[in-house]
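The structure appears below as structure tokens.
Reminder, nothing fancy here: chain letters follow the sequence lines and each chain counts from 1.
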Protein chains: 2
Amino acid sequence: MKDLVYKCLNNANRRKILYCIGEEERCVNDIAECLDLEQSLTSHHLKDLYDCGLIEKKRDGKKIYYKVSEPEIVEILEKGKELGDKLEKRC
Amino acid sequence: MKDLVYKCLNNANRRKILYCIGEEERCVNDIAECLDLEQSLTSHHLKDLYDCGLIEKKRDGKKIYYKVSEPEIVEILEKGKELGDKLEKRC
DNA sequence: CAATCATATGAAAGACCTTGTATATAAGTG
DNA sequence: CACTTATATACAAGGTCTTTCATATGATTG
């Protein structure tokens, strides 16, 4: 259970999704299009993120809008990216 | 390549190892004993962490001492833990 | 209500991870 | 040099993850 946050972070597509809906909410189709992912794949990942509690959703007519509910996750993402970049330069 | 940091974080034993050698260096055997892990498993995980660049090693006679080389990883770990705890309370 | 649009779900293939067992290497010791 | 201690590596079994394809559900529209 405690591993869910790290598990969510351990996939490039999920990380992209988090960045994508970190500032403003977006509907599934927009997310998929924006990141060039299959609709169903996007949906699967959104479910993982949602089940983990990192994002929230809101229905509006046919569309469902998602956004990050825990800003901390974006901070972690940024720290992770910084560190990753730093480590990459070394090799 | 950029995923290595997140991959390293996505395993409870590796996270324990990072905590264990975050402050002071320790040799493989001590780490294994301290965390109650098999020697070879400890060694496997240390290799992953080392290859990723998160920890450094130093030989002293027969023993090899490891310690965290990037303190940022411990910060990330702590932020991740805080967030994980927060999310867990919800369910 | 049939058709359409938007999203979710299930199943399955293949890739990837974790772990354990057995064995190898490397350093130190008698 | 044989032996022991400390660590690393190879391999294989089992499990988990990611992705795709096909299909289902749910809301809206004509």
Salt-bridge contact B:Lys7-B:Asp48 (side-chain N to carboxylate O under 4.0 Å):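 Here B:Lys7 does not pair with B:Asp48 in a salt bridge, since their nearest N and O are not under 4.0 Å apart.
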Does the side chain of A:Asp30 come within less than 4.5 Å of A:Cys27's, by heavy atoms?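 Contact flag for A:Cys27/A:Asp30 side chains = yes.
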A:Val5 vs A:Ile73 side-chain heavy atoms within contact, under 4.5 Å: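 Yes, their side chains come closer than 4.5 Å.
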Figure out the [atom1]/[atom2] separation between [X] and [N], and round it to whole Å.
X       : N      : atom1 : atom2 : value
A:Lys57 : C:dA6  : NZ    : P     : 17 Å
A:Ile31 : C:dA6  : CD1   : C1'   : 12 Å
B:Leu46 : C:dT19 : CG    : C1'   : 15 Å
A:Asn10 : D:dC17 : CG    : C1'   : 9 Å
B:Arg15 : C:dT18 : CZ    : C1'   : 14 Å
B:Asp51 : D:dT7  : CG    : C1'   : 15 Å
B:Asp3  : D:dT18 : CG    : C1'   : 13 Å
A:Lys47 : D:dT19 : NZ    : P     : 17 Å

Determine whether any donor atom in the side chain of A:Gln39 lies under 3.5 Å from an acceptor atom in the base of C:dA6, or the reverse, and answer yes or no.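 In this structure, the two groups form no donor-acceptor pair.
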Would you kindly compare B:Gly61 and A:Cys27 by the position of their nearest DNA chain C nucleotide and give the one closer to the 5′ end?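 Counting from the 5' end, the first nearest nucleotide belongs to A:Cys27.
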Please confirm whether the shortest side-chain N or O distance from [X] to OP1 or OP2 of [N] is below 4.0 Å.
X       : N      : result
A:Asn13 : D:dT19 : yes
A:Asn11 : D:dT19 : yes
A:Arg14 : D:dT18 : yes
B:His45 : C:dT19 : yes

Considering every strand and a 4.0 Å limit on heavy-atom distances, what is the contact class for [X]: base, sugar-phosphate, or nothing?
X       : value
B:Glu38 : base
B:Tyr66 : sugar-phosphate
A:Lys62 : base

Between A:Glu72 and B:Lys79, does a salt bridge (charged side-chain N to carboxylate O under 4.0 Å, His left out) hold up when you go through it step by step? CA-CA 8 Å; A:Glu72 296 96 312; B:Lys79 285 202 174 261; over 6 Å; no
Earlier contact from the 5' end, DNA chain D, for B:Ile64 and A:Ser40: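 Here B:Ile64 is the residue nearer the 5' end.
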Look at the side chain of B:Leu41 and decide which nucleotide, out of C:dG20, D:dT18, C:dA27, has an atom nearest to it.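 In terms of side-chain proximity for B:Leu41, the closest of C:dG20, D:dT18, C:dA27 is C:dG20.
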Base of C:dT9 and ring of A:His44 stacked, centres under 5.5 Å, planes under 30°: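 It does: the two rings, one from A:His44 and one from C:dT9, meet the stacking criterion.
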Candidate pair B:Glu78 and B:Tyr19, rule side-chain contact (heavy atoms from CB on, under 4.5 Å), full reasoning: CA-CA 10 Å; B:Glu78 258 145 27; B:Tyr19 276 123; 4.2 Å; yes
